[in-house]
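Remarks on the structure that follows.
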Amino acid sequence: MPNYFSYNQSMTTLLTWSPTKIKAFRQALLTWYDANRRNLPWRVDHDPYHVMVSELMLQQTQVNTVIPYYQRFMAAFPTVAALAAAPESAVLKAWEGLGYYSRARNLHRAAKQLMADYGGQWPTTAAGLRELAGIGPYTAGAIASIAFNQPEPAIDGNAFRVFARLFCIDADITKPATRQLFADLIRQLIDPQRPGDFNQAVMDLGSSYMRAKDPDAAHSPVAAFDESLRTDTVLAYPVKTKKAKPQVVQYFALAIHSPAGWLLEQRPSTGLLANLWLMPLVARAAWVKQPLAEQITLAAAEFSQRAGHTVTLRAAGLPLVRHTFTHRQWQLTILTAETKAFALDFLPAQWVPSLSATNLALPTVQKKLTQAIQEGQA
DNA sequence: AACCCGTGGAT
DNA sequence: TATCCAAGGGT
């Protein structure tokens, strides 16, 4: 069966719907949305700051996960000006546990841009919004349409899935070039009177009747427009290539304790968990074939050199801590050291009296380490 | 273009 | 348990 769209064809000539059908689609979608829209904390108004914070948090993150973070973030940073004035450490602490921490740093950067470069005046077009840190094609379209009533598509995973099914589009949505295909289509479908509601309705549709797993396309408000339903191919869309498995990396995690507390090291300002705080790690890859006792001696030597202070490390006898990121799985073997409170002149590090009550932003993997250590002490 | 960047829920 | 995935952006 031929698809309505193929990878190298122009969308303009392939939208087979009549103007009448397009209007009927908009009405079916928006009527359903008006009666069934989710009540979400960032939907109480169309304030661009509220939209921006919610959209950044919602990138690759589920709605239910975001809600409490959004509430706390708004309480801590009620306005763009407040966010711009805050230290990055406070912003990261508010983001702690939400993941993809570059989003928090970009959001902070965008707030500073708005205050410093734009005099607090928001750009109101998608192209203008794209100049702000952390705002890509999706988020620019979302803010432009929701906050500024611009007829811009907001093409997230929901929109890809919804329109791939409605039109049986088999282009691979993981390929950047495919976005243009969908954008050309959605620009013709979007309701020029209510673009923000149109985009949000597509998202609500994509998280309910047209969800990825266990959809209920037959009862969707746009079932009559759904070519994949008509051809019984709903689950064939969208087409996407699979992700690679995360690679395993082994480290020693150093639980170094002194009268001043536990030692936490700040991660580098780029890369994984940038600027967050974590017990010092020592890579084991170069030593994997050596006996454990030898590895511990080598790890102590390496860390002592880094810290400018000699420590003696011991196996803690605690369970291996595993933590999986998008592209890596860490396997952490905890080593312990009891030491005096040496000066931290050579490490971006701090002594913290309590691992569970600190103003430093801790990634989830550190919380797993903390839990393993506390259970070992109990 | 291909790869990097977190986390928790669902199955 | 393993896998997928959820309102993507940066480089």
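We name chains A, B, ... by the order of the sequence lines, and we start the count at 1 in each one.
Both A:Thr139 and A:Lys240 lie close to DNA chain C; mapped to their nearest nucleotides by heavy-atom distance, the more 5′-ward contact belongs to A:Lys240.
With rounding to the nearest 0.5 Å, the separation of CG in A:Leu58 from CZ in A:Arg103 is 8.5 Å. Here A:Leu181 contributes atom CG and A:Phe160 contributes atom CZ; the two are 9.0 Å apart, rounded to the nearest 0.5 Å.
Within 6.0 Å of atom CZ in A:Arg37, more than 12 heavy atoms from other residues, nucleotides or ligands are found, so the atom counts as buried in its surroundings.
Separating the NZ atom of A:Lys175 from the C1' atom of B:dC3 is a distance of 13 Å, rounded to the nearest angstrom. At whole-Å resolution of the value, CD in A:Gln329 and C1' in B:dT7 are 14 Å apart. At whole-Å resolution of the value, CG in A:Leu272 and C1' in B:dC3 are 14 Å apart. Whole-Å rounding puts the A:Arg322 CZ to B:dG8 C1' distance at 19 Å. Rounded to a whole Å, the CG atom of A:Leu58 is 9 Å from the P atom of C:dA7. When rounded to the nearest whole Å, the span between CZ of A:Arg130 and P of C:dG8 equals 15 Å. Put simply, CD1 on A:Ile143 is 12 Å from C1' on C:dA7, counting in whole angstrom units. When the P atom of C:dA2 is taken as reference, atom NZ of A:Lys242 falls 16 Å away, rounded to whole Å.
The A:Leu40 side chain lies nearest to C:dA7 when the options are B:dC5, C:dG9, C:dA7. Of the candidate nucleotides B:dC4, C:dC4, C:dA7, B:dC4 has the atom lying nearest to any side-chain atom of A:His327. Of the candidates B:dG6, C:dA7, B:dC4, the closest approach to any side-chain atom of A:Arg328 belongs to B:dC4. Taking every side-chain heavy atom of A:Pro176 into account, B:dA1 is the closest of B:dA1, C:dA7, B:dT7. Comparing C:dT3, C:dC5, C:dG9 by their nearest atom to the side chain of A:Lys245 picks out C:dT3. Of the candidates B:dA1, C:dA6, C:dG8, the closest approach to any side-chain atom of A:Gln62 belongs to C:dA6.
Between C:dA6 and B:dC5, the distance separating the two C1' atoms is 15 Å to the nearest Å. Atom P of C:dT11 sits at a distance of 13 Å from the matching atom of B:dG6, rounded to the whole Å. To the nearest whole angstrom, the two P atoms, one in C:dA7 and one in B:dA10, are 14 Å apart.
Using a 4.0 Å heavy-atom cutoff across all strands shown, A:Ala212 reaches sugar-phosphate atoms only and no base atom. Contacts of A:Trp95 with the nucleic acid, taken as non-hydrogen atoms under 4.0 Å apart, are absent. Here A:Lys213 lies in heavy-atom contact (under 4.0 Å) with a base. Among the heavy atoms of the strands, none lies under 4.0 Å from A:Val66.
Looking at residues 96-110 of chain A, you'll see A:Gly97, A:Leu98, A:Gly99, A:Tyr100, A:Tyr101 sit with a heavy atom under 4.0 Å from some atom of DNA chain B. Listed by residue number, there are no residues of residues 69-89 of chain A with a heavy-atom contact under 4.0 Å to DNA chain B. Near DNA chain B, meaning a heavy atom under 4.0 Å from it, residues 356-375 of chain A has A:Pro363, A:Thr364 in order of number.
Looking only at atom types and distance, the side chain of A:Arg43 has a donor-acceptor partner in the side chain of A:Gln200 under 3.5 Å away. In this structure, a donor-acceptor pair under 3.5 Å is absent between the side chains of A:Gln59 and A:Tyr138.
A donor-acceptor pair under 3.5 Å links the side-chain atoms of A:Arg161 to the main chain of A:Gly206, judged by distance alone. Using a distance-only test at 3.5 Å, with no hydrogens or angles considered, a donor-acceptor pair links the side chain of A:Trp351 to the main chain of A:Phe342. In terms of modelled atom types and a separation under 3.5 Å, the side chain of A:Thr358 and the main chain of A:Ser354 share no donor-acceptor contact. Listed for the A:Arg267 side chain is a donor-acceptor partner under 3.5 Å among the backbone atoms of A:Leu272. No donor-acceptor pair closer than 3.5 Å links the side chain of A:Arg26 to the backbone N or O of A:Phe198.
The base of B:dG6 sits within donor-acceptor range of the side chain of A:Thr61, with an N or O pair under 3.5 Å. Between the side chain of A:Arg38 and the base of C:dA7, a donor-acceptor pair under 3.5 Å is found.
For C:dG8, neither phosphate oxygen OP1 nor OP2 lies less than 4.0 angstrom from any side-chain nitrogen or oxygen of A:Gln59. The phosphate of C:dA7 has OP1 or OP2 within less than 4.0 Å of a side-chain N or O from A:Arg161.
For A:Phe25 and A:Phe225, the gap between ring centers is short of 6.0 Å. Ring-centre distance between A:Trp42 and A:Phe73: not below the 6.0 Å cut-off.
In this pair, A:Phe325 and A:His323 present their aromatic rings perpendicular. The plane angle is above 60°, beyond the 30 to 60° band.
Between A:Arg187 and A:Glu152 there is a salt bridge, since a side-chain N of the basic residue sits under 4.0 Å from a carboxylate O of the acidic one.
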